[in-house]
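So the structure is just underneath, and the comments pick up after that.
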Amino acid sequence: MGAALQVTAFGLALLSTLFLLLATCTDCWMVNADDSLEVSHKCRGLWRECVTNMQDGVRTCDQYDSILADHPVKIVVTRTLMITADLLAGLALATLILGLDCITFLKEDPCAKLKMCYGAGVILGAGSILGLIGSMWYAVDVYVERAMLVSHNIFLGVHYDFGWSCWLGMAGSTGCFVASVLLTCCLY
């Protein structure tokens with residue numbers, strides 16, 4: 001039972017870590033929601049803004065000036081939280097690999113392997129909370145920005161919604177949290 005639970009938690013942690021990494025690197029945290037009116041598809045990410053022409057599929061991207069330049073708070077905070085979540089999830093994954101029963105590392109000390117799995121679960125839980133806070137921070141800020149424009153009757157011609165990168169970050173964080181619960185609560 002314990003080995004199957006470890007492998008399940010490892011598979012979930014691996015997939016969720018990949019989701020977190022993809023969410024951090026991709027460019028569609030915000031997408032324009034006026035697809036019926038637009039001839040282009042606009043995506044805003046943490047690192048750049050991209051526009052795809054819907055007729056010929058040509059995609060152009062504008063990098064943000066510099067990582068040290070003045071950016072909106074939502075981008076700086078989300079970048080920081082997502083990068084930290086990625087690093088913690090990667091560390092937890094490496095620790096979990098060494099703590100799996102099917103790996104011969106420390107085979108003579110099962111108590112140490114169990115502690116490694118527990119430690120990986122704790123680290124994964126911390127990373128998942130940071131990733132979820134980063135994704136939710138960005139999503140709430142997009143919602144508040146849109147609500148402020150609507151409440152003031154301002155129409156800028158482009159209406160943004162949450163993009164697939166934001167949803168991927170939330171899914172990856174949730175998966176890491178579930179794997180953390182499996183490793184910390186259910187393994188014993």
Side-chain angles (χ1 to χ4, degrees), residues 12-54 57-94 122-180:
L12 185 59
L14 178 65
L15 183 65
S16 300
T17 301
L18 290 175
F19 281 2
L20 279 175
L21 287 169
L22 280 173
T24 304
C25 297
T26 54
D27 302 319
C28 278
W29 281 76
M30 287 172 56
V31 296
N32 65 324
D34 299 329
D35 290 335
S36 61
L37 303 174
E38 300 288 326
V39 294
S40 62
H41 180 73
K42 297 175 186 122
C43 285
R44 287 186 184 169
L46 302 177
W47 310 103
R48 59 189 178 170
E49 184 173 341
C50 296
V51 177
T52 305
N53 189 328
M54 300 301 270
V58 174
R59 183 176 188 202
T60 57
C61 295
D62 292 331
Q63 297 281 89
Y64 295 143
D65 293 336
S66 166
I67 196 166
L68 300 175
D70 288 334
H71 295 292
V73 174
K74 73 178 172 189
I75 289 179
V76 175
V77 170
T78 305
R79 279 180 183 174
T80 304
L81 290 170
M82 293 303 290
I83 290 171
T84 306
D86 292 343
L87 292 173
L88 287 174
L91 176 65
L93 207 55
V122 170
I123 296 169
L124 202 58
S128 70
I129 290 171
L130 292 177
L132 201 54
I133 289 171
S135 300
M136 293 300 290
W137 171 281
Y138 197 92
V140 166
D141 198 58
V142 169
Y143 177 77
V144 168
E145 180 181 316
R146 184 175 65 194
M148 291 297 290
L149 292 175
V150 169
S151 70
H152 290 88
N153 292 327
I154 299 173
F155 180 68
L156 298 176
V158 178
H159 172 74
Y160 284 98
D161 275 337
F162 314 130
W164 60 269
S165 296
C166 189
W167 292 112
L168 201 60
M170 288 181 206
S173 299
T174 304
C176 284
F177 185 76
V178 170
S180 170

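Being a predicted model, the structure only gives us computed values, none of them experimental.
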CD (Glu49) and OG1 (Thr60) are apart, to the nearest 0.5 Å, by 9.5 Å

CG of Asp62 to CG of Asp27, rounded to nearest 0.5 Å, is 11.0 Å

Separation between CE (Met30) and NZ (Lys42), nearest 0.5 Å, reads 11.5 Å

Residues passing the ring pair (Phe, Tyr, Trp, His ring centres under 6.0 Å) test with Phe162, sequence neighbours excluded, are Trp167

Here the pair of heavy atoms bringing Leu168 nearest to Leu22 is CD2-CB, 3.6 Å

Scanning both residues in full, the closest heavy-atom pair of Gly127 with Ala85 reads O-CB, 3.2 Å

For Gly125 and Ser128, the nearest pair of non-hydrogen atoms, with its separation, is O-OG, 2.7 Å

query: For the side chain of Thr80 and the backbone of Val76, is there at least one donor-acceptor N/O pair under 3.5 Å apart?
result: yes

Between Ile123 and Leu88 the two heavy atoms that sit nearest each other are CG2-O, 3.2 Å

Taking every heavy atom of Ser173 against every heavy atom of Leu20, the minimum-distance pair comes out as OG-CD2, 3.4 Å

The residue among Leu130, Leu132, Leu124 that forms side-chain contact (heavy atoms from CB on, under 4.5 Å) with Cys176 is Leu124

Would you check if the side chain of Ser16 reaches a backbone N or O of Ala13 as a donor-acceptor pair within less than 3.5 Å?
-> no

message: SG to SG below 2.5 angstrom is the rule I want applied to Cys28 and Cys50. Does it hold?
response: no

Donor-acceptor pair, side chain of Trp47 and main chain of Arg79, under 3.5 angstrom:
no

Review point. Given Met82 and Ser135, is the side-chain contact (heavy atoms from CB on, under 4.5 Å) satisfied, shown in steps?
Key: CA-CA 8 Å; Met82 293 303 290; Ser135 300; 3.9 Å; yes

CD1 (Ile129) and CG (Leu81) are apart, to the nearest 0.5 Å, by 12.0 Å

Ala89 and Thr17 have their tightest heavy-atom pair at CB-OG1, 3.6 Å

Check: Would Leu91 and Leu87 count as a side-chain contact (heavy atoms from CB on, under 4.5 Å) if you check the C-alpha gap in whole Å, the side-chain angles of each, and the deciding distance to 0.1 Å?
Finding: CA-CA 6 Å; Leu91 176 65; Leu87 292 173; over 6 Å; no

Residues passing the ring pair (Phe, Tyr, Trp, His ring centres under 6.0 Å) test with Tyr138, sequence neighbours excluded, are Trp29

